[in-house]
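What follows is a set of notes on a single structure, which appears directly below.
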Amino acid sequence: MATATQTTTVTRIGGRIGAEIGGVRLGGDLPAATVAEIRAALLAHKVVFFRGQDHLDEAGHEAFAQLLGAPVAHPTVPSADGRYALGIDSHHGARANQWHTDVTFVPAYPAFSILRAVTVPPYGGNTLWANTATAYAHLPEPLRALADGLRAVHSNAYDYAGLKPDALPEALAQYREVFTSTEFLTEHPVVRVHPETGERTLLLGNFVQRISGLTGRDSRTLQDLFQSHIESPENTVRWQWRSGDVAIWDNRATQHYGVDDSDDHERTLRRVTVDGDVPVGPDGVPSRLISPETVPDPAFGIASGASTTEPAEPGTASENAA
Ligand SMILES: O=C(O)CCC(=O)C(=O)O
Ligand SMILES: [Fe+2]
């Protein structure tokens with residue numbers, strides 16, 4: 001139990017991103033003051049890490065998430081527990097080894113993601129995060145001005161074969177079928193004004209299909225240009241997981257990448273995301289859903305405690321870069 005005598009510590013890890021928080025036992029019963037400290041550290045450092053949270057199960061994980069906002073299920077991938085938790089399982093589905101921000105193919109994508117390590121491999125399987133606010137701030141002025149005026153189309157339909165070249169075609173096809181059971185197209189500003197900090201952030205990542213108004217090669221060149229500033233090593237932090245670790249990131253100010261270098265070793269994590277709002281660009285124009293007409297609510301039925309869809313067999317489709 002968290003007690004009044006516990007002191008919360010925040011220790012920076014990287015120069016531009018990342019801090020480890022100590023003295024906190026995560027759960028649904030955390031005092032409001034501790035939640036406020038975590039939230040402040042999260043907004044300042046973009047990703048925060050906690051060791052030794054082995055006591056957390058799916059319910060505790062979700063109860064803690066509720067202290068940061070409303071948990072939200074993945075729009076297409078069935079939850080591992082029939083509620084909100086998404087399985088990231090090395091033995092199922094593809095890997096998240098592309099730089100991305102979670103679920104940017106819908107307008108109001110998650111504000112926070114909370115990832116908990118259940119089983120970690122003996123080596124490898126680290127995750128990297130990049131700070132998209134410092135990436136913007138460090139751009140030369142002419143590139144900031146260019147980015148300010150751009151918008152980009154994000155989609156969950158892309159070339160899955162490129163992600164895991166050695167995966168069996170049937171496995172990829174099955175994975176793609178689940179992940180893209182509804183195909184979303186959303187146009188976002190390339191520069192998002194952060195709703196809580198007011199910082200400008202670069203909103204790109206692997207769900208980007210093209211920069212609006214540009215043709216293939218121009219679009220790719222510009223995307224690569226901005227992406228190279230996001231993923232430059234100075235702008236990132238790398239976390240070596242132990243089981244019981246929890247990472248929370250501000251999904252509005254980061255991208256991340258799960259390194260696929262632990263061969264066939266088991267690696268299992270659980271992710272709960274917290275609902276976000278619709279981005280706006282520096283011109284005040286919000287993101288817009290191009291298709292379908294609305295984002296179906298996958299949480300339908302959860303509030304009543306009854307799932308209206310067949311709960312997935314745990315881990316049948318872990319997300320890739322979701
Ligand atoms: O597997 C990882 O390290 C990252 C997974 C991921 O992209 C996520 O949890 O959103
Ligand atoms: Fe992700």
Side-chain angles (χ1 to χ4, degrees), residues 17-18 42 46-50 53 56 58 61-62 65 68 71-81 84-106 109-121 123-132 154 156 158 160 163-164 167 175 179 184 203-208 227 230-231 236-276 314-315 317-322:
I17 176 169
L42 192 47
K46 316 307 187 203
V47 57
V48 293
F49 304 99
F50 303 79
Q53 307 295 320
L56 277 182
E58 310 285 2
H61 190 165
E62 293 183 5
L68 293 179
V72 60
H74 192 277
T76 57
V77 181
S79 161
D81 68 348
Y84 303 106
L86 184 78
I88 316 280
D89 184 339
S90 60
H91 289 170
H92 299 98
R95 299 293 280 258
N97 56 336
Q98 294 213 346
W99 282 103
H100 66 284
T101 295
D102 289 332
V103 201
T104 60
F105 46 85
V106 299
Y109 61 86
F112 302 114
S113 294
I114 306 164
L115 188 59
R116 177 168 62 92
V118 180
T119 309
V120 300
Y123 55 85
N126 297 176
T127 307
L128 282 76
W129 284 263
N131 184 337
T132 57
H154 297 231
N156 55 333
Y158 59 94
Y160 287 79
L163 295 169
K164 207 162 168 62
Y175 179 75
F179 199 85
F184 294 98
L203 171 43
L204 289 167
N206 81 321
F207 294 119
V208 171
Q227 189 62 34
I230 293 168
E231 34 177 274
T236 68
V237 67
R238 182 175 184 127
W239 188 250
Q240 191 169 4
W241 294 99
R242 293 182 207 149
S243 66
D245 285 358
V246 170
I248 313 175
W249 59 95
D250 185 343
N251 196 48
R252 302 158 301 182
T254 51
Q255 285 187 14
H256 55 282
Y257 183 115
V259 182
D260 184 7
D261 64 347
S262 45
D263 300 315
D264 289 331
H265 291 290
E266 189 182 346
R267 179 178 185 270
T268 311
L269 301 103
R270 285 281 186 268
R271 189 188 83 190
V272 176
T273 48
V274 171
D275 214 3
S318 86
E319 66 156 358
N320 152 64

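Both ligands and their constituent atoms are indexed starting at 1 by order of listing. Remember, it's a predicted structure, so these values are computed and weren't measured experimentally.
Between H256 and ligand 1, at least one N/O pair is under 3.5 Å apart.
Set against the non-hydrogen atoms of I88, the atoms of ligand 1 under 4.0 Å away are 1 (O), 9 (O). The contact set between ligand 1 and L115, taken as ligand atoms under 4.0 Å from a residue heavy atom, comprises 9 (O). Per-residue contacts place D102 under 4.0 angstrom from the following atoms of ligand 1 (heavy atoms of the residue considered): 10 (O). Under a 4.0 Å criterion applied to the non-hydrogen atoms of G258, ligand 1 contributes the atoms 2 (C), 3 (O). Ligand 1 places these atoms under 4.0 Å from at least one heavy atom of H100: 7 (O).
With sequence neighbours excluded, the residues satisfying salt bridge (charged side-chain N to carboxylate O under 4.0 Å, His left out) with R116 are E58. Every residue two or more places apart in sequence or in another chain that forms a side-chain hydrogen bond (donor to acceptor under 3.5 Å, both in side chains) with N126 is listed here: R238.
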Walk me through it: do D102 and R271 pass the test salt bridge (Lys or Arg N to Asp or Glu O under 4.0 Å)?
CA-CA 11 Å; D102 289 332; R271 189 188 83 190; 3.2 Å; yes
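A donor-acceptor contact closer than 3.5 angstrom links the side chains of D263 and Y123.
Counting heavy atoms of neighbouring residues, nucleotides and ligands inside a 6.0 Å radius, atom CD of Q240 does not exceed 12 of them.
Taking each of T127, T101, L86, D89 in turn, the one with a heavy atom nearest to atom 3 (O) of ligand 1 proves to be T127.
Within H256, NE2 is the N, O or S atom that lies nearest to the Fe ion (ligand 2). Sorting the N, O or S atoms of D102 by how far they are from the Fe ion (ligand 2) puts OD1 first.
Ligand 1 has no atom lying under 4.0 Å from any heavy atom of W239.
Rounded to the nearest 0.5 Å, atoms NE2 (H61) and CZ (R270) are 10.0 Å apart.
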